[in-house]
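Single-structure report; data block below.
Start at 1 with the first residue, then count along the sequence.
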Amino acid sequence: MSSPAVAEIDESAVKTNKVRTDHHLWGTYIILVIIAIIELFSASIQEVNDGDIFRPIVRHGGFILGGLVCMFLIQKLHYRYVYALIPLYVVFSVGLMIAVRFVGSEINGAVRAIRIAGIPVLPAEFMKLAAALGMAWILSRNQMKGARDVTTRGLVYCLLFLFFCAGLLFSQGLSNTIVVMAIGFSMMLVGGMGWKKFGIALAITIVLGGGAIGAKTVLSSEKKLTPEQEMVYTLNKERPEEIGGHGRGSTWMARVKRHFRSDKHLDKFDIDNQQEQLSYIAQAHGGLTGVGIGRSRENARLPLAFSDYIYAIIIEEMGLFVGLGILICYLWILGRSAKLTMRFKQTLPGVLVMGGAFTIVFQALFHMAIVSGVFPVSGQPLPLISKGGISVLATSLAFGVMLSCARHAARTTD
């Protein structure tokens, strides 16, 4: 993969390039969709209303179909057109993030959703991909000629854009902010940023990030709690000043401290730890081979079993071996993307492919780490599998970008 300015398109390579379909990416997409259809039917028992047991899966299936159509259309586009549309997509995502601050609705104590045509939209799902594609756009336009590095201007633009994206997500929760920062720094590495500039970026981020969390911890306000915040306070037994941005950093620090206590395994089951405890119970019940599809015992008790904790239900019903197989599917996406990147003649399709892969895989790894107890409790959907239509659409868009590059980019093996 060459390092010159990647915004320049090699027309001769485009004309001689074969049009192909990447069966690895298509295969993993289909596998994940099949698992989603099977497991969501079982995990959505808490969502069943008026005896209509098929309503949740039909709704999710509609979003999958819409995502499939978007992915199919995007892969038909040459990646240079996808590249040209990145600024519009970033502006669209930022616009949704700003709009949710004024007309958004609360989810678990923070304003996260906005309704469009009656459908709740979580702009954070679009913002993760926007951060990856935006970083690819910036890095592609700021390569140093004759050296594997980006310009100083490129470093500044990358940091400003990344901090802007993280700042928009910071008020909604820490987990999405961490995911975006992980995507951003990974893009810096694959985009050719030298180690010196990368170290500078990391140091600046640590200082500013620590300051932001500190400010969030001591922040206080006299704003009256909403009914939704009062409900969160009652269920989670948190102090009122820690709800919805009132010292929310204290809540994050308390969760981290509680999670890494050496005597955590001695905690009794209560309302404070019911999600993680029921998640562990579900996984232990499933064992290596699972109890069978549709035979979950915890799907009716585990809060958000259909979204934030669906991986626990998958392991309970299908076992640890299938759970590891799903992990391998996501890692396969990352590995396949890396292999494609090394074969491309230009850098642009490489950074686009890796941006899509990082968006999908990092979110999946965070979900699995939270469910399995590696990370503290937080909300993060499992791409394509968790219930939530906007997450499915955003993931399908990422797949479409990767398939467009795999289909049209010239390779050294051509």
Side-chain angles (χ1 to χ4, degrees), residues 31-49 53-57 59-60 107-108 173 175 232 235-237 255-256 258-261 263-331 361-388 391-392 395:
I31 289 172
L32 295 175
V33 165
I34 291 174
I35 293 173
I37 293 174
I38 293 174
E39 282 304 314
L40 268 177
F41 185 75
S42 175
S44 298
I45 187 172
Q46 298 178 45
E47 293 286 283
V48 173
N49 296 315
I53 61 175
F54 296 105
R55 182 183 300 173
I57 193 64
R59 179 180 180 277
H60 190 75
I107 297 178
N108 195 25
S175 61
V232 173
L235 292 177
N236 295 338
K237 296 182 179 180
R255 287 178 180 176
V256 172
R258 183 171 63 245
H259 180 77
F260 290 105
R261 284 190 295 109
D263 60 344
K264 179 187 173 184
H265 63 286
L266 299 176
D267 288 348
K268 295 182 179 180
F269 184 93
D270 56 37
I271 194 173
D272 290 332
N273 61 18
Q274 63 172 331
Q275 277 188 310
E276 51 188 318
Q277 293 288 359
L278 288 173
S279 172
Y280 302 153
I281 291 171
Q283 295 171 74
H285 184 218
L288 296 177
T289 58
V291 298
I293 296 175
R295 296 183 178 181
S296 170
R297 184 182 64 192
E298 306 302 330
N299 58 3
R301 297 198 299 163
L302 177 59
L304 300 178
F306 48 82
S307 56
D308 292 350
Y309 282 86
I310 195 170
Y311 191 61
I313 303 301
I314 291 174
I315 294 178
E316 182 183 15
E317 293 192 352
M318 296 185 174
L320 177 63
F321 291 142
V322 173
L324 292 175
I326 294 174
L327 171 61
I328 291 174
C329 279
Y330 287 112
L331 294 178
V361 177
F362 283 174
Q363 189 168 329
L365 293 179
F366 266 73
H367 175 97
M368 296 176 183
I370 291 167
V371 171
S372 59
V374 178
F375 288 172
V377 173
S378 186
Q380 200 64 230
L382 188 60
L384 286 181
I385 298 180
S386 290
K387 178 177 176 291
S391 175
V392 172
T395 303

* Asked: Does any non-hydrogen side-chain atom of Arg297 lie less than 4.5 Å from one of Val291?
  -> no

* Asked: Looking at residues at least two apart in the chain, or sitting in another chain, which of them share a ring pair (Phe, Tyr, Trp, His ring centres under 6.0 Å) with Phe362?
  -> Phe358

* **Partners meeting side-chain hydrogen bond (donor to acceptor under 3.5 Å, both in side chains) with Ser296 (sequence neighbours left out)** => Glu316

Would you list the atom pairs, donor with acceptor, under 3.5 Å between side chains in residues 31-38 and any protein atom, with sequence neighbours excluded?
none

* **Partners meeting side-chain hydrogen bond (donor to acceptor under 3.5 Å, both in side chains) with Ser279 (sequence neighbours left out)** => Gln283

* Could you state the interatomic distance from CD1 (Ile313) to CG (Leu278), rounded to the nearest 0.5 Å? -> 9.0 Å

* Asked: Okay, side chain of Tyr311, backbone of Gly323: is any donor-acceptor separation there less than 3.5 Å?
  -> yes

* To do: Just jot down the side-chain contact (heavy atoms from CB on, under 4.5 Å) partners of Ala284, sequence neighbours excluded, or say none.
  => none

* Asked: Taking all atoms of both residues into account, what is the closest heavy-atom pair of Gln275 and Leu304, and its distance?
  -> NE2-CD1, 3.8 Å

* Please round to the nearest 0.5 Å and tell me the distance separating atom CG of Leu324 and atom CG of Leu331. => 10.5 Å

* Structure fact -> Here the gap from Leu40 atom CG to Asn299 atom CG, rounded to the nearest 0.5 Å, amounts to 11.5 Å

* Asked: Taking side chain as C-beta onward, heavy atoms only, is Ser391 less than 4.5 Å from Leu382?
  -> no

* Asked: Can you tell if the side chain of Lys387 reaches within under 4.5 Å of the side chain of Val392, non-hydrogen atoms only?
  -> no

* Are any of the side-chain heavy atoms of Leu365 and Leu327 separated by less than 4.5 Å? -> yes

* Can you list every side-chain hydrogen bond (donor to acceptor under 3.5 Å, both in side chains) pair that touches residues 320-330, not counting sequence neighbours? -> none

* To do: Taking the side chain as every heavy atom from C-beta outward, state whether Glu39 and Met318 have any pair of such atoms under 4.5 Å apart.
  => yes

* At what distance, to the nearest 0.5 angstrom, does CG of Asp308 lie from CG of Leu302? -> 9.5 Å

* Asked: If only atom types and distance count, is the side chain of Ser386 paired as donor or acceptor with the main-chain N or O of Pro381 below 3.5 Å?
  -> no

* Validation row: Ile370, Tyr309 side chains within 4.5 angstrom (heavy atoms) -> yes

* **Short side-chain to backbone donor-acceptor contact, His367 and Gln380, under 3.5 Å** => yes

